[in-house]
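So the structure is just underneath, and the comments pick up after that.
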Amino acid sequence: MAESQNIGHEQRQVRLDKLKALEAKGINAYPHIYRPTATAASLAEKYKDLPNDTQTADIVSVAGRVRAVRNSGMFVDLYDATGKVQIYSALEHLPPAEKDVLDLVDIGDIVGVEGAVRRTKRGELSVAAQKITMLAKALLPLPEKFHGLTDTDTRYRQRYLDMIVNPDTLPILAKRSRIITAVRQMLLDEGLLEVETPILQAVKGGATAKPFITHHNALDMDLFLRIAPELYLKRLIVGGMPGVFEIGRNFRNEGIDTRHNPEFTMMEIYRVYNDYTDMMTLFEKIAETAALVANGTTKIAIDGVEIDLKGPYPRRPMADLVKEHAGVDFMAIASDDAARAAADKLGVHVEKDAAWGDCLAAVFEDKCEKHLIQPVHVIDYPKCMSPLTKSHRADDRLVERFETFINTWEMGNAYTELTNPLDQHQRLAEQAAAHDAGDEEADMMDEDFVAALEHGMPPTGGLGVGIDRLIMVVLGGLSIRDIIAFPTMRKK
RNA sequence: GAGUGCGUAGCUCAGCCGGUAGAGCACCUGACUUUUAAUCAGGUGGCCGAGGGUUCGAAUCCCUCCGCGCUCACCA
């Protein structure tokens, strides 16, 4: 990479010269293996009562990245995955050959140190070096030690630097990993099967969103990167799996901001003989699991506001919330015309051909979402915007669908899944007509999916959870770019 | 997509009513077996994001482009 060779070429040259000096001594600066016997944290724990200015006879070896060098190498701060341990090099104890290696150590190098455990006069637990092993000579300098790396561009493009110098970055990504693992385990404990379904799809479906399109050469066929796995997971239900879930990447060709990344991690769950109320309980369990593993409590603070993820959450019909926050009872509005007039009166813009349900949803988004700080299941969505959901058993204008909101963000989306093949075919046909008329986001007709339903799908509850959003909330309202290791960036 | 701010040394940042480039850290040399953002003295290092324009003279003013941030729009 020509570019990296130009970065700090002077400091790089100094380090290259040191690398050559190591090689001249017969030292491999990139050895195959090193096996430390201790970590910073294990030493801190084991020797927490060791008095100042005391050296033990315990010989250990530690390994990590050099982050600071003081007093011409007498004190070196070594960081491993567990924290910091100081390396103390007293000339009277360090063999001359080891001192030569020490002189060739720079900040940023990865080294292994063997020696006796000691606490210095000033109280810093240290390893009194007897042998110093270069494990990886760094050729490029690290960002500044005190201010770290603040340039967001560099932080995202060179995330490894962000992780090395900014102390919050790695723990956040580690918590992401633990949250996903814990949620996965919880679902496995529920008896669900984790499955994988196609990311390359010939027909896009399961959501309304603009897709990425790619091309398969051998088949000479365009394929969509999935916007959702829904229609394939339901095929597995038809095939007889009683409960499935998938955690994986979805791709949507839409805007990028602090809450949206073109590729994001979605979790979808389907369980037979469940309806949407069962999914509400399941969502609460997922959120609690995530919060507990990350923070040890279900309470989180976002912008100074305490939010408790402990269930059960209130269940509020969309129309009730609209009535509360906008003062209009849409359930009492009978016609599309009257609904549009009501929306207009509230200053909510709707299309000229907007139906009753479109108006209700538009008013909800404009007037209600911003108030939904504490967890709430918004239930009973209008039918027209939910082509994969069963009609509400008590009101045919609605469907049995809910979205869970936390911190005003939509966190999850769940249905009593539509299983009637004739109804499904008609609703997808309406979507497909919109798609053919130019609505890139509308669903397409998936004949095979409908055929699957024609073979019979048991009553099923389904739940989708935006894993990134969940992590953003659990970790205190972070940007999606802080919880995705490598967010999508423009080509530089 | 719109508005707005930013882009100067490896990193963090000054300089911006035009006059030829600065600091701290890092790096190099030296001092100090002392430290913990070690300290002290000296030094190296810049196509001032790219291109064009105005001007005797541009990091600074103007235009275009590139990249990033924020707000809004879009977005289940």
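Any value given below was found using the heavy atoms of this structure, including those in side chains, with hydrogens, waters and symmetry copies removed. We name chains A, B, ... by the order of the sequence lines, and we start the count at 1 in each one.
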Reckon A:Glu410 touches a base, only the sugar-phosphate, or nothing at all at heavy-atom distances under 4.0 Å?
sugar-phosphate
Give A:Arg122 one of three labels, base, sugar-phosphate or nothing, depending on what nucleic acid heavy atoms sit under 4.0 Å from its own.
base
Heavy atoms only, 4.0 Å cut-off, all strands: where does A:Phe402 land among base, sugar-phosphate and nothing?
nothing
In this structure, how many angstroms lie between the C1' atom of B:A38 and the CZ atom of A:Arg67, rounded?
16 Å
Between A:Asp358 and A:Ala355 (side chain of the first, backbone of the second, donor and acceptor by atom type, cut-off under 3.5 Å), is there such a pair?
yes
Using a heavy-atom cut-off of under 4.0 Å over every strand shown, decide if A:Gln86 touches base, sugar-phosphate, or nothing.
base
Find the distance between CG (A:Asp275) and CD (A:Glu400) and round it off to the nearest 0.5 Å.
6.0 Å
Base, sugar-phosphate alone, or nothing: which one does A:Arg481 contact when heavy atoms must sit under 4.0 Å apart?
sugar-phosphate
I need the A:Gln86 CD to A:Thr120 OG1 distance, nearest 0.5 Å.
5.5 Å
Which part of the nucleic acid does A:Glu144 contact within heavy-atom distance under 4.0 Å: base, sugar-phosphate only, or nothing?
base
Contact nearer the 5' end of RNA chain B, comparing A:His260 with A:Glu124:
A:Glu124
Does A:Arg157 reach a base, just sugar-phosphate, or nothing at all? Heavy atoms under 4.0 Å.
sugar-phosphate
Counting any heavy atom closer than 4.0 Å, what does A:Thr150 reach on the DNA or RNA strands: base, sugar-phosphate only, or nothing?
sugar-phosphate
Give one of base, sugar-phosphate or nothing for A:Gly148, where a contact means two heavy atoms less than 4.0 Å apart.
sugar-phosphate
Can you find an N or O donor on one side and an acceptor on the other, under 3.5 Å apart, linking the side chain of A:Lys84 with the base of B:U36?
yes
N-O pairing of A:Lys84 and A:Glu124 below 4.0 Å
yes
Pick base, sugar-phosphate or nothing for A:Met489, based on heavy-atom distances below 4.0 Å to the nucleic acid.
sugar-phosphate
Assert: residue with more 5' nearest nucleotide on RNA chain B, out of A:Ala207 and A:Ser479, is A:Ser479
